[in-house]
Every structure is written in structure tokens, then in C-alpha cells.
Protein chains: 2
Amino acid sequence: MSLRHALLGLLSDRPASGYDLLKLFDTSLANVWPATQSQIYTELTKLADDGLLSVSNEGSRGRKEYSLTDEGLAELRHWLTETKPKQSVRSEILLRVFFLSVLTPEQRRGYLDNLAAISAEQYDALRRLYDSMDWDEGNLSVQGKIALEYGLRFVTMRREWAEWAAEQINQG
Amino acid sequence: MSLRHALLGLLSDRPASGYDLLKLFDTSLANVWPATQSQIYTELTKLADDGLLSVSNEGSRGRKEYSLTDEGLAELRHWLTETKPKQSVRSEILLRVFFLSVLTPEQRRGYLDNLAAISAEQYDALRRLYDSMDWDEGNLSVQGKIALEYGLRFVTMRREWAEWAAEQINQG
DNA sequence: GTAAACATGTAACAGGTTACATGATTGT
DNA sequence: ACAATCATGTAACCTGTTACATGTTTAC
């Protein structure tokens, strides 16, 4: 049920509409907790029904601005402090590694080389994002920086691992 | 649809029953692509219907042993070489980082310290698994080793990052 | 006027989880 | 005899994705 909490979290910074939130998901949370337009609108309605959000303003074009209620903030805090994050484990990339033996040595090597290359590209993309960020807007800034650093370290680790694995498999 | 391919992959090594596969998921693939008993049995039936598997043997207690068909092997190879793995991005751990600002400095610090501690424990657990493994059984051995190395590097990276992040947040 | 952006909502489907339900065989 | 393990199957529910559907406002 983390989508709920992602919405509560974003609204803890400032009130926003479904449309605003959609864009926040597509930018700041895209690589952490993606969500679709459909999901966001459905969940906002439920959250308001449950009293965790309130419609604080209605604008033109049917725009509804949601605000976090006291109950919503309490729920957000409860989630952060009293529940354990479950680490999602599923990795299709790693799953494939298990079955590389059905391929030729060249194909195996190709898979890992490609993985290293992709990781290197992702590093560059994150690096560019890092450099282009305006590191001074709202509460999400410090945390955004920390999350980006995680991404940079992660793709670096994966590139190095893929390079190492390509060597290992070459010997086999 | 990776569960399909995980099953095909495991059966590329040797024929097995649903029950056998369930245990393979709970051991070798537990940290890569978990699956429930319910899911496995349902999918095996579908795969046999689709001709990618065949029931190669029926044993006592209703045991059905499945084998990969030529078509199944072709599908596995196709998946490995012609389709792109989609990297699952969702990370509840990272999502929480974004919203730490609603907590007190002590609570924030506690979250990251705990994350570092958990990562260190996971390192030890993987290390023990690594040391206890019999590195000489079947085709999955080399790949299993490579996957474990990934796990070791990943939790190390996460511990170091959490330690670094705790410092960053302390300054803010 | 018309295209782009704003803005919301719903329906069908796919994948995964939990729980229920049943029965056979082996080891002590 | 009894418990543990082997062995399979189904139903209800939850989450997430894709596609459909509609209408308004702004900028050129």
C-alpha cells in the first residue's frame, strides 16, 4: 500500500492536485515509485473518503486541490516509524543471469557486456540530472539528493559487477 | 511474465515437479524472483497447455514431473536474447527517504542507522550462505555464485550509502 | 480556430498474495 | 497411530497497467 503513503508524503510538502502529483511522480519519484495517472486519481479519491486528505480548493477545469489532514500526517508518520519497509527483491536482470547457460558463450558475454554498457549510460543520465537539478526547492531537495546519490552508487556497482561477471563467465 | 520464464529456466537444468520447483524458488531464487505455491502450480498448467512443457512422468501422491519441450527451450532462448529485461524500480526503502522531513532529526537518523545495520546483517547472512554453498552442482552453480556476488556488493553499497546519508542529514 | 496543456474519471485485464481445501506416503 | 512431508488445486482479493472516455482553458 505504498502508493497511499507516497501520495501522503508528497502532500506533506504542499497541497496539490492529481495532475500536479502525476507530474511529481513522473519526475522526482519516477525511479523510486512510479505510478500511473489512473492509479493516482483512484487512490486520491479513496484517501479523501478515508479522511486522510481533504479537498482544500476547487479551481477551473474541475481541478481539485488536496491537502493532508491531521489524520493523514499521523498515518504518514506511523508508516515511517512503526512499519518495516519491505525490500522488493524481484530482479529480471538477475533472473536472466541464472539461465545464461542455455546460451552460447558469445551470447552470455554479450548479455553481461550490454548490462555494463547500460549501467554506464544510466550513470551518465543520472549525473546529468544531478547537475541540472535546482538544489534549493522545498523539503524534498535534501532527500532528492540523497536518493540520487543512491542511484549513482547503484548503477556504478552494477556496472562493476557486470564487468567482473563477464570475466568469470569467460573462464567457465 | 517472468514467472513463466523462471519456470522454463529451472526446467532447462532438469525435469521437476511443482513441488520441486517450489523449493527451488524458496532457496535459489528466493532473493531474485520469489513465487508462491499457488502461482507455480497455476502457471505450470498453463505452460503445459501452451506446449512449452510436457508431463514427462507421473509418480506417487499425484506427483507430475514436467520437462521442457523443444518449443519451451526456444521460448526461453528467445526471452533471453530477443527481449529486454525491465528493471523493476520500486523501492519502498528509498521512497521513505523522500519523506523523512516529517520526522524529528533523531527519528531520521534512526531510520538511516537502522538501514545500515540491516544491510550489515544481510551481508553476514549472504556471506554465510556463500560459505555453506556446494559450488559444484549443476548448471546453476556458476550463475548462482555470480548472483550471490551481486547481493554481497549490493548490500555493501547500501550500507555505505546509508552511513553517508546519515551524515548528510545530520548536517541539514 | 485549433493545438497543446490542463484535468479527471472508469473499465478490462494481468500478475501476485493469502487462504482454503484435499489427500497420499514415509518415518518413528 | 500419528506427525511430518509430499503433492496438487482453487477462490477471493489486492495492486498495477493499458486503454478508453470526456471536457476545459490557454496560447498562438
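These values consider heavy atoms only, across backbone and side chains, with no hydrogens, waters or symmetry-generated copies. None of the values given here were measured: they were computed from a predicted structure. In the text below, chain A, chain B and the rest are named by the order of the sequence lines, each starting its count at 1.
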Protein-nucleotide distance (A:Leu7, atom CG; D:dT15, atom C1'), rounded to Å: 14 Å
Do B:Thr83 and A:Arg96 pair up side chain to side chain, a donor and an acceptor below 3.5 Å, judged on atom types alone? yes
Length of the CG-C1' vector between A:Leu3 and D:dT15, whole Å: 9 Å
Using whole Å, what does the distance between atom C1' of nucleotide C:dT25 and atom OH of B:Tyr19 come to? 12 Å
Less than 6.0 angstrom from the centroid, inside 45 degrees of the normal: does A:Arg153 satisfy that with respect to the ring of B:Trp164? yes
Of the candidates C:dC6, D:dA7, D:dA11, the side chain of B:Ser38 sits closest to D:dA11
Nearest-nucleotide pick for A:Tyr41, side chain only, options being C:dT18, D:dC6, C:dA7: C:dA7
Assess whether a salt bridge exists between B:Asp124 and B:Arg128, defined as any Lys/Arg side-chain N lying under 4.0 Å from an Asp/Glu carboxylate O. no
Measure CG/A:Leu22 against P/C:dC6 and give the value in whole Å, please. 10 Å
Between B:Asp20 (CG) and D:dC6 (C1'), how many Å, whole number? 10 Å
Please report the distance, rounded to the nearest Å, between CG in A:Asp26 and C1' in C:dA7. 15 Å
Counting heavy atoms from C-beta on, name the nucleotide in D:dT8, C:dG16, C:dT8 closest to the side chain of A:Gln37. C:dT8
Tell me which nucleotide among C:dG16, D:dT15, D:dC6 gets nearest to the side chain of A:Met1. D:dT15
When you measure only distances, ignoring hydrogens and angles, does the side chain of B:Thr42 come within 3.5 Å of the base of D:dT10 through a donor and an acceptor? no
Short question: side chain of B:Asp20, backbone of B:Ser17 - any donor-acceptor pair under 3.5 Å? yes
Checking only heavy atoms, does the side chain of B:Ser60 share a donor-acceptor pair with the base of D:dA7 at less than 3.5 Å? no
Please check the phosphate of C:dT17 (OP1 and OP2 only) for any side-chain N or O of A:Arg90 closer than 4.0 Å. yes
Can you measure A:Gln39 atom CD to D:dT18 atom P for me and round it to whole angstrom units? 11 Å
So if I take every side-chain heavy atom of A:Arg61 and compare against D:dT8, D:dT26, D:dG16, which nucleotide ends up nearest? D:dT26
Sugar-phosphate, base or nothing in reach of B:Arg4, heavy atoms under 4.0 Å: nothing
Basic-acidic side-chain contact under 4.0 Å: B:Asp131, B:Arg127: yes
Contacts of A:Lys46 and B:Lys23 projected onto DNA chain D by closest heavy atom; the upstream (5') one is B:Lys23
Rounded off to whole Å, could you give me the CD1-to-P distance for the B:Ile40 and D:dG9 pair? 13 Å
Reading DNA chain D from 5' onward, which residue's closest nucleotide shows up sooner: B:Lys64 or A:Pro34? B:Lys64
Does B:Thr36 contact C:dT18 through a side-chain donor or acceptor facing the base, at a distance under 3.5 Å? no
